Protein chains: 2
Amino acid sequence: MARVLLIEDDPSVRDALTLALKGRDHEVESAASGEDGLERLARFAADVVVLDLMLPGIDGFEVCRRIRAASSTSIVMLSARGDDFDVVGGLEAGADDYVVKPVRPQVLEARIRAVLRRTDGVPSPVETYGALCVDRASLTVSRGGRQVALPPIELRLLLYLSASPGQVFSRQQLLESVWEHDYLGDSRLVDACVQRLRAKIEDVPAEPRYVQTVRGFGYRFGPV
Amino acid sequence: MARVLLIEDDPSVRDALTLALKGRDHEVESAASGEDGLERLARFAADVVVLDLMLPGIDGFEVCRRIRAASSTSIVMLSARGDDFDVVGGLEAGADDYVVKPVRPQVLEARIRAVLRRTDGVPSPVETYGALCVDRASLTVSRGGRQVALPPIELRLLLYLSASPGQVFSRQQLLESVWEHDYLGDSRLVDACVQRLRAKIEDVPAEPRYVQTVRGFGYRFGPV
DNA sequence: CGCGCCATGTCATGAACCTGTAATAGCTTC
DNA sequence: GAAGCTATTACAGGTTCATGACATGGCGCG
């Protein structure tokens, strides 16, 4: 149903919630600390982050702020009973909802659903390829949950290539389709654009995973 | 899911929406005129009425008033481009929501759900996006609790964009849907209107949070 | 009937940002 | 090692958009 990243240091709570959410068809990834969570979020394109407030190392509020700084992923905060629970602080940090522990799994799940309903009232055609997420409605691209800003021509190129994963396109085809040029001249234009795109979406631009070179022919997207 | 009565005279729109709603597990009854609609409503216990404004015979506003006089069925109004956009009329007639045509089926369905949620669950009086509240029934907009007066065209633009949060619309699409224009000329008209809208609803118009520019493509609402 | 306000469309300006090109370096294949 | 192909980088011209001023035209009100 949804991709959930659970950041919670107590192993028993973590395991219980993970099991419960998985039992309801969510994909769950979990982390035991804020640092670990932020790192995982960079790879796991979560729809929503369930975030405990009391964490070893950097605390929940700070994690929340850092997530917000980087992406618009929804955040549900978990506060343990007895924590100094500051609604204003939570709001300012940018959480979308709060749940007080002990939390029954079905309650948490209902909150997650509510948050997701709110943020994507209209389901958009989102395609995920590994850690890369391409949203064709909002024309946004994110890599590991972090939004990547792409200039128009690079975005068009990515949209075009990713619409047919695995298919090889010649430079000429791309010039005609993506650029709408008719000229038949030799041009390294496509190459340059591919480079700039790779620099933004690939983890290791030198070993491209998404936009691959097919020597002598052109480029293709994936296969991932 | 819900019982929907669709009152719409254009057969192609009627069929398209009927199919789409049935595909999403709603029971749909349709009528081609106001009279027919009122008659069917008397037999078909609809949860919600989707009502076109421009109808042969008695018009949408009048149908709306008659439905309101007799029952509390929810009403979602549909206004075609070129319809006389009458804020006062919409207010007085008592619709629960207001959608500008052309409408994508999933948007209509989302709005139907929203209306039903509102009426049979926890009352959720307005749609809230961050500090911005858009009341699609009374056609009022408030920002941080303070009401904002918007001229018709700006209100219409906001309603159209916010009906599909995240979706990017080209200037051409907006000219066709929100304005009555069919011409294909280059025009900065949309820009100017967006500009004026931003000045009224954005906290920092230079860093828009609600109506965002997608360079090379157009504009979108949020995602917040 | 005339006045003035407001909504809307058009235009000029400037800034920020793309993007095509070219030059160079690196890699593959034979 | 040479030829052919691709990666990488820098830069200047060009495009796109924000902004604000101005023109127009409708509408209500005096």
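Order of the sequence lines fixes the chain letters, A, B, ..., with proteins taken first and strands second; residue numbering starts at 1 for each chain. As the structure is a computational prediction, the values presented were derived from the model and not from experiment.
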Set out, line by line, the N/O atom pairs under 3.5 Å between protein and nucleotides 21-28 of chain D.
none

*asked:* Is there a side-chain contact between Y219(B) and the phosphate of dT16(D), meaning an N or O under 4.0 Å from OP1 or OP2?
replied: no
*Would you call V48(B) and I75(B) a side-chain contact if the rule is heavy atoms closer than 4.5 Å?*
no
_In whole Å, I'd like the distance from the CD atom of Q195(B) to the P atom of dG20(D)._
8 Å
*Between D191(B) (CG) and dT13(C) (C1'), how many Å, whole number?*
15 Å
*Looking only at atom types and distance, does a side-chain atom of R68(B) sit under 3.5 Å from a main-chain N or O of T73(B), one as donor and one as acceptor?*
yes
*List for me each residue that meets side-chain hydrogen bond (donor to acceptor under 3.5 Å, both in side chains) alongside E29(A), sequence neighbours excluded, and say none if there are none.*
R40(A)
*asked:* Keeping E202(B) on the side-chain end and V211(B) on the backbone end, is there a donor-acceptor pair under 3.5 Å?
replied: yes
*To the nearest Å, how far apart are Q212(A) CD and dT6(D) P?*
15 Å
*How many Å lie between CD1 on I153(A) and P on dT15(D), as a whole number?*
14 Å
*Applying side chain to side chain contact (heavy atoms under 4.5 Å, CB included), name anything that partners R143(A), two or more places apart in sequence or on another chain.*
L132(A), V148(A), D203(A)
*To the nearest angstrom, how far is R156(B) atom CZ from dG9(C) atom P?*
12 Å
_For D15(B), give me all partners under salt bridge (charged side-chain N to carboxylate O under 4.0 Å, His left out), at least two apart in sequence or on another chain._
none
*Any residue meeting salt bridge (charged side-chain N to carboxylate O under 4.0 Å, His left out) with E27(A), in chain and number order, not counting sequence neighbours*: R3(A)
*Sorted by number, the residues of residues 198-208 of chain B with heavy-atom contact under 4.0 Å to DNA chain D*: R198(B), A206(B)
Restricting to nitrogen or oxygen on both sides, can you table the protein-nucleotides 2-5 of chain D pairs closer than 3.5 Å?
{"residue": "dG4(D)", "atom": "N2", "partner": "R215(A)", "partner atom": "NH2", "Å": "2.9"}

*Output yes when at least one side-chain N/O atom of T213(B) is less than 4.0 Å from OP1 or OP2 of dT16(D), else no.*
no
*asked:* Does anything in residues 143-168 of chain B form a ring-ring contact (aromatic ring centres under 6.0 Å, His included)? List the pairs, not counting sequence neighbours.
replied: Y160(B)-F169(B)
*With sequence neighbours left out, write down each residue that passes side chain to side chain contact (heavy atoms under 4.5 Å, CB included) with D10(B), or none if nothing qualifies.*
E8(B), S12(B), V13(B)
*How would you list all residue pairs meeting salt bridge (Lys or Arg N to Asp or Glu O under 4.0 Å) that involve residues 153-164 of chain A, not counting sequence neighbours?*
E154(A)-K200(A), R156(A)-E180(A)
*Using the test side chain to side chain contact (heavy atoms under 4.5 Å, CB included), find all partners of T213(B) that sit at least two apart in sequence or belong to another chain.*
R198(B), Y219(B)
*Protein-nucleotide distance (L197(B), atom CG; dA7(C), atom P), rounded to Å*: 13 Å
*Below 4.0 Å: OP1/OP2 of dT19(C) and any side-chain N or O of W179(A)*: no
*Between C193(A) and C193(B), who's closer to the 5' end of DNA chain C by nearest nucleotide?*
C193(B)
*Mind grabbing the angle between the end helix axes of the helix from dC1(C)-dG30(D) to dC30(C)-dG1(D)? Five pairs an end, 10° rounding.*
30°
*Rounded off to whole Å, could you give me the CG-to-P distance for the L189(A) and dC18(C) pair?*
16 Å
*Please give, in whole Å, the distance from dA7(C) P to L155(B) CG?*
12 Å
*Under 3.5 Å, is there a donor-acceptor pair linking the side chains of R220(B) and Q212(B)?*
yes
*asked:* I'd like to know if D191(A) pairs up with R171(A) as an ion pair, taking the criterion as any Lys NZ or Arg NE/NH1/NH2 lying under 4.0 Å from an Asp or Glu carboxylate oxygen.
replied: yes
*Rounded distance (nearest 0.5 Å) linking atom CG of D36(A) with atom CG of L5(A)*: 8.5 Å
_Need to verify one output field. Residue with the more 5' nearest nucleotide on DNA chain D, A192(A) or A192(B)?_
A192(A)
